[in-house]
Trainee: 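One structure, as structure tokens, below. Some questions next.
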Amino acid sequence: MPELPEVEVVRAGLEAHVAGRTVSKVEVLHPRAIRRHVLGAEDFTGRLAGVRVDAARRRGKYLWLELSGGEAVLAHLGMSGQMLVQPEGAPDEKHLRVRVRFADDGPELRFVDQRTFGGLALDELVTTDGEQLPGTIAHIARDPMDPRFDAAAAARALRSRRTEVKRALLDQTLVSGVGNIYADEALWRSKLHWARPTEKLTAAQGRALVAAATEVMDSSLQAGGTSFDALYVNVNGQSGYFARSLDAYGQEGLPCRRCGTAIRREPFMNRSSYSCPRCQPRPRSSR
DNA sequence: ATCGTCTCCTGTTCGC
DNA sequence: TGCGAACAGGAGACGA
């Protein structure tokens, strides 16, 4: 479940191993991996051949390879996507979806994705809010790691919604990069129940929530960065990565680190939300 | 315009 | 033992 810190580790790996290299040949092994590239696989592979990768960039959970010529390969890892840098000739992964070979005959880039929620697409770069972004993600808000992230504005945006606070926190047009795991962690740190109505959040609570989300992603990024293997860029299953210390997410039945009460799991949007019944009491207004 | 629900996908785990 | 259900969940599409 890659969220911002995981995607950032991947971006750094791509910057180190792919930037500056020229694409020679691209193979699409599963059409669903490029479903957001509307012109299809042939167009995708044809237009990539011969272009140079200038840089690897990221906003929220999206990352993209900036290409010579004003275009970019936009990527989202979805639930299970991985970007692997592998020597040519290494056995294909079971869920290999896209292979990118380079003119220098060095290691190839592989997009591997079991559940195929992720994907790649070629996209035009556009200027939005003083930033060059792939056009299809121009609506994605700045994330807390962005040098120009405005925490106060993000807190106001969250409070301006009329919904449950966790729904707002997961809305990538308000603050990007937060997924189910970090949302639960940020809410735990802020002592807020996920169903708290946004309109009842005080300004201080809004700011504290944004600060908590920033902190939890920051510390996770530091932990993830240290487990990064220079030989390849990996997202899932690497030790020290998802084994990061969590206070709420996935902790059902375990004692709250603050008060000792057993963490509970509740259904939320066809998935789960974890919280401490004592530190994060359910708001009276709902159920 | 805004908000909530549905859907896509596959491997693993769990209950009967 | 076998099989179906539940679960993992990001984000676009769509309906109200």
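Just so it is clear: chains get the letters A, B, ... in the order the sequence lines come, proteins before strands, and each one is counted from 1. No experiment lies behind these values; they were computed from the predicted model shown.
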Trainee: Sort out for me which residue in Pro255(A), Cys279(A), Pro277(A) forms a side-chain contact (heavy atoms from CB on, under 4.5 Å) with Thr261(A).
Mentor: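 Filter result, single survivor: Pro277(A).
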
Trainee: Does His30(A) reach a base, just sugar-phosphate, or nothing at all? Heavy atoms under 4.0 Å.
Mentor: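 No contact at all - His30(A) keeps every heavy atom at 4.0 Å or more from the nucleic acid.
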
Trainee: Under the rule for side-chain contact (heavy atoms from CB on, under 4.5 Å), what residues qualify as partners of Lys166(A), not counting sequence neighbours?
Mentor: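 Result, side-chain contact (heavy atoms from CB on, under 4.5 Å) vs Lys166(A): Leu170(A), Asn180(A), Ala183(A), Asp184(A), Leu187(A), Trp194(A), Phe268(A), Ser273(A).
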
Trainee: Counting the atoms with a prime plus P, OP1 and OP2 as sugar-phosphate, which does Arg167(A) contact under 4.0 Å by heavy atoms, base, sugar-phosphate, or nothing?
Mentor: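 Base, at least one base atom sits under 4.0 Å.
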
Trainee: Expressed in angstrom and rounded to an integer, what is the separation of Leu74(A) atom CG from dG10(C) atom C1'?
Mentor: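 From Leu74(A) CG to dG10(C) C1': 14 Å.
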
Trainee: Can you measure Ile137(A) atom CD1 to dA11(C) atom C1' for me and round it to whole angstrom units?
Mentor: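 So the two atoms are 13 Å apart, to the nearest Å.
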
Trainee: Which residues satisfy the side-chain contact (heavy atoms from CB on, under 4.5 Å) test with Thr127(A), sequence neighbours excluded?
Mentor: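 Expected list: Gln132(A).
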
Trainee: What residues, two or more places apart in sequence or in another chain, satisfy ring pair (Phe, Tyr, Trp, His ring centres under 6.0 Å) together with Phe44(A)?
Mentor: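 Partners of Phe44(A) under the ring pair (Phe, Tyr, Trp, His ring centres under 6.0 Å) test: His37(A).
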
Trainee: What pairs with Asp123(A) under salt bridge (charged side-chain N to carboxylate O under 4.0 Å, His left out), at least two apart in sequence or on another chain?
Mentor: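 Counting only residues at least two positions away or on another chain, Asp123(A) forms no salt bridge (charged side-chain N to carboxylate O under 4.0 Å, His left out).
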
Trainee: Could you give the CZ-to-C1' distance, from Arg36(A) to dA13(C), as a whole number of Å?
Mentor: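 Taking atom C1' of dA13(C) as the reference, CZ of Arg36(A) is at 12 Å.
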
Trainee: Would you say a side-chain N or O of His76(A) is under 4.0 Å from OP1 or OP2 of dG12(C)?
Mentor: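 No, no such contact exists.
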
Trainee: If the condition is side-chain contact (heavy atoms from CB on, under 4.5 Å), which residues does Asp129(A) pass it with, not counting sequence neighbours?
Mentor: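 Result, side-chain contact (heavy atoms from CB on, under 4.5 Å) vs Asp129(A): Arg142(A), Arg148(A).
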
Trainee: Using a 4.0 Å cut-off to any heavy atom of chain A, which nucleotides of DNA chain B are the first and last in contact, reading 5' to 3'?
Mentor: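 First-to-last contact on DNA chain B, by the 4.0 Å heavy-atom rule, is dC3(B) to dG11(B).
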
Trainee: Rounded to the nearest Å, what distance is computed from the CD1 atom of residue Ile140(A) to the P atom of nucleotide dG10(C)?
Mentor: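 Rounding to the nearest Å, CD1 of Ile140(A) and P of dG10(C) are 13 Å apart.
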
Trainee: Tell me every residue that passes ring pair (Phe, Tyr, Trp, His ring centres under 6.0 Å) with Phe111(A), counting only those two or more places apart in sequence or in another chain.
Mentor: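 Ring pair (Phe, Tyr, Trp, His ring centres under 6.0 Å) check on Phe111(A) returns nothing, list empty.
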
Trainee: In chain order, what residues pass the salt bridge (charged side-chain N to carboxylate O under 4.0 Å, His left out) check against Arg265(A), with sequence neighbours excluded?
Mentor: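 Result, salt bridge (charged side-chain N to carboxylate O under 4.0 Å, His left out) vs Arg265(A): Glu252(A).
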
Trainee: Go nucleotide by nucleotide along DNA chain B from the 5' end; which of Arg32(A) and Arg161(A) gets its closest nucleotide reached first?
Mentor: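 It is Arg161(A), whose closest nucleotide lies nearer the 5' terminus.
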
Trainee: Between Glu15(A) and Arg57(A), does at least one N-O distance fall below 4.0 Å, as a salt bridge requires?
Mentor: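 Salt bridge flag = no for Arg57(A) with Glu15(A).
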
Trainee: So if I take the C1' atoms of five pairs at each end of the helix from dT2(B)-dA16(C) to dC16(B)-dG2(C) and get each local axis, what angle do the two axes make, rounded to 10 degrees?
Mentor: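 Roughly 60°, once rounded to the nearest ten degrees.
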
Trainee: Pull out every protein N or O sitting under 3.5 Å from an N or O of nucleotides 4-8 of chain C, one pair per line with the distance.
Mentor:
| unit_1 | atom_1 | unit_2 | atom_2 | d |
| --- | --- | --- | --- | --- |
| dA8(C) | OP1 | Ser272(A) | OG | 3.1 |
| dA8(C) | OP2 | Ser272(A) | OG | 3.2 |
| dA8(C) | O3' | Tyr249(A) | OH | 3.2 |
| dA8(C) | N3 | Arg115(A) | NH1 | 2.5 |

Trainee: Using the side-chain contact (heavy atoms from CB on, under 4.5 Å) criterion, which residues pair with Ala211(A)? Sequence neighbours excluded.
Mentor: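 side-chain contact (heavy atoms from CB on, under 4.5 Å) list for Ala211(A), sorted by chain: Glu215(A).
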
Trainee: In whole angstrom, give the distance that lies between atom CG of Asp171(A) and atom C1' of dA11(C).
Mentor: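 The answer, rounded to whole Å, is 10 Å.
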
Trainee: How does the hydrophobic cluster around Leu133(A) look, that is, which other residues are in it when side-chain heavy atoms under 4.5 Å mark a link?
Mentor: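 Its cluster mates, by chain and number, are Tyr62(A), Trp64(A), Leu74(A), Leu125(A), Ile137(A), Ile140(A).
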
Trainee: Across the strands shown, which category fits Tyr62(A) at heavy-atom distances under 4.0 angstrom: base, sugar-phosphate, nothing?
Mentor: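 Sugar-phosphate, no base atom in range.
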
